Amino acid sequence: MIGNDVVDLALARKESNWKRKGFLNKLFTTVEQELIQKAPNKVNMVWMLWSIKESAYKAYQRIKYNEGFYPIKIEIIELNDQNESVVQLFGSLFYGKTTIDKDFIKTIVVANQSDIQKIQYLNTINYTKNEKGLPIKTASNEPISVSHHGRIREVVGLY
Amino acid sequence: MNKEEIIEKLKPIVKPFVKEEAAFNTINEKTHFITDLHINSANLVDIVLDVEEAFDIVIDNDSMEKMLDLENTIAIIQTKLAEK
């Protein structure tokens, strides 16, 4: 299972004020909020943690569909200095990798750690949606993950 | 507060985050924030915080979980207002 999320930092700056009262409390656990406070670049940390949670949420929907807005339940339990993460949601673990540059933050998570080697970047036109609205490959119906924000759109699957 | 009054009060809260104007123009109880209005999930928290402020209520995490459409949002607001 795979999930991804992309953040266009210029658009995030325009659309969200992460410093508003209550914002961090509703989205992040105490441990995650400490990571943000300690980070040299707090903005990037906010959006990295958010993109990890979004990716894990999307991957989880393929294991057991459970639509909802429950960011606190998606817990980032490990994050190293290569921006590799371990996330837990409803007892399932996901393994993430985030890349950050000056414009974008991109995360992909997989349910099986070995699947990190099998990530495939796909053409954005060759997908459709299943009955639950989740993206699948047009030809094979295999689950894929799509994320679009501002200037970027990314479609990923597994070989 | 009845459903119609709550919807009227929710419109200006939701509007700044809407990416699908046509769906906003026909907003009703069945409208879904993400699939209909194409609101970015990162902005759901802004809607929750704005609702708390506008109705002077506190939305706990269990309630927030269901705030993906108008119907659930209205029900949560009514419950929280009744508890006041």
Side-chain angles (χ1 to χ4, degrees), chain A residues 3-9 11-30 43 46-58 61 65-75 89-90 105 107 129 131-135 146-150 152-153, chain B residues 6 10-24 27 29-80 84:
Chain A
N4 75 329
D5 188 60
V6 294
V7 178
D8 182 333
L9 289 166
L11 186 59
R13 208 177 299 129
K14 216 174 92 188
E15 286 184 332
S16 296
N17 172 17
W18 65 272
K19 289 181 178 167
R20 76 177 286 191
K21 190 171 175 283
F23 186 94
L24 296 179
N25 263 322
K26 294 233 186 263
L27 298 184
F28 300 106
T29 64
T30 318
V43 187
V46 166
W47 296 119
M48 169 159 66
L49 296 180
W50 172 255
S51 73
I52 295 170
K53 281 174 189 265
E54 273 285 294
S55 303
Y57 175 84
K58 289 181 185 172
Q61 302 311 306
Y65 186 69
N66 186 5
E67 191 195 41
F69 185 49
Y70 41 79
I72 296 281
K73 289 186 177 166
I74 311 168
E75 275 183 277
L89 174 59
F90 301 130
I105 290 182
T107 298
K129 284 178 176 180
E131 72 290 350
K132 292 194 178 82
L134 303 174
V146 181
S147 180
H148 172 230
H149 190 231
I152 34 168
R153 181 186 297 273
Chain B
I6 293 177
L10 283 174
K11 279 186 191 172
I13 292 176
V14 171
K15 196 175 191 320
F17 308 109
V18 170
K19 301 259 170 74
E20 190 58 54
E21 294 297 332
F24 182 75
I27 197 166
E29 228 187 301
K30 296 289 166 207
T31 303
H32 192 285
F33 290 144
I34 294 174
T35 49
D36 295 322
L37 300 178
H38 295 193
I39 290 172
N40 183 339
S41 51
N43 286 129
L44 288 177
V45 67
D46 293 298
I47 293 176
V48 174
L49 292 170
D50 290 344
V51 165
E52 285 190 329
E53 246 170 64
F55 292 89
D56 192 25
I57 52 175
V58 176
I59 296 166
D60 54 282
N61 288 335
D62 286 342
S63 303
M64 181 171 95
E65 228 175 284
K66 303 180 210 88
M67 276 183 63
L68 290 176
D69 58 37
L70 264 282
E71 192 170 29
N72 285 337
T73 304
I74 293 164
I76 290 158
I77 292 168
Q78 285 178 326
T79 308
K80 299 294 173 189
K84 281 221 280 190

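Chain A is the first sequence line, chain B the second, and so forth, proteins listed ahead of strands; every chain is numbered from 1. Computed from a prediction, not measured in an experiment: that's the story for all the values here.
Of the atoms belonging to B:M67, not a single heavy atom falls under 4.5 Å from chain A. Contact annotation for B:L68: only side-chain heavy atoms (C-beta onward) come within less than 4.5 Å of a heavy atom of chain A.
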Using only distance (under 3.5 Å, no hydrogens or angles), which donor-acceptor pairs connect chain A and chain B?
from	atom 1	to	atom 2	distance (Å)
B:K19	NZ	A:E15	OE2	2.9
B:H32	NE2	A:E67	OE2	3.0
B:N40	ND2	A:E15	OE1	3.3
B:N40	ND2	A:H149	NE2	3.2
B:S41	OG	A:E54	OE1	3.1
B:S41	OG	A:E54	OE2	3.1
B:N43	ND2	A:E15	O	3.1
B:D46	OD1	A:R20	NH1	3.0
B:D50	OD1	A:R20	NH1	3.2
B:D50	OD1	A:R20	NH2	2.7
B:E52	OE2	A:K26	NZ	2.9
B:I59	O	A:K26	NZ	3.0
B:E65	N	A:F69	O	3.4
B:E65	O	A:F69	N	2.8
B:E65	OE1	A:K73	NZ	2.7

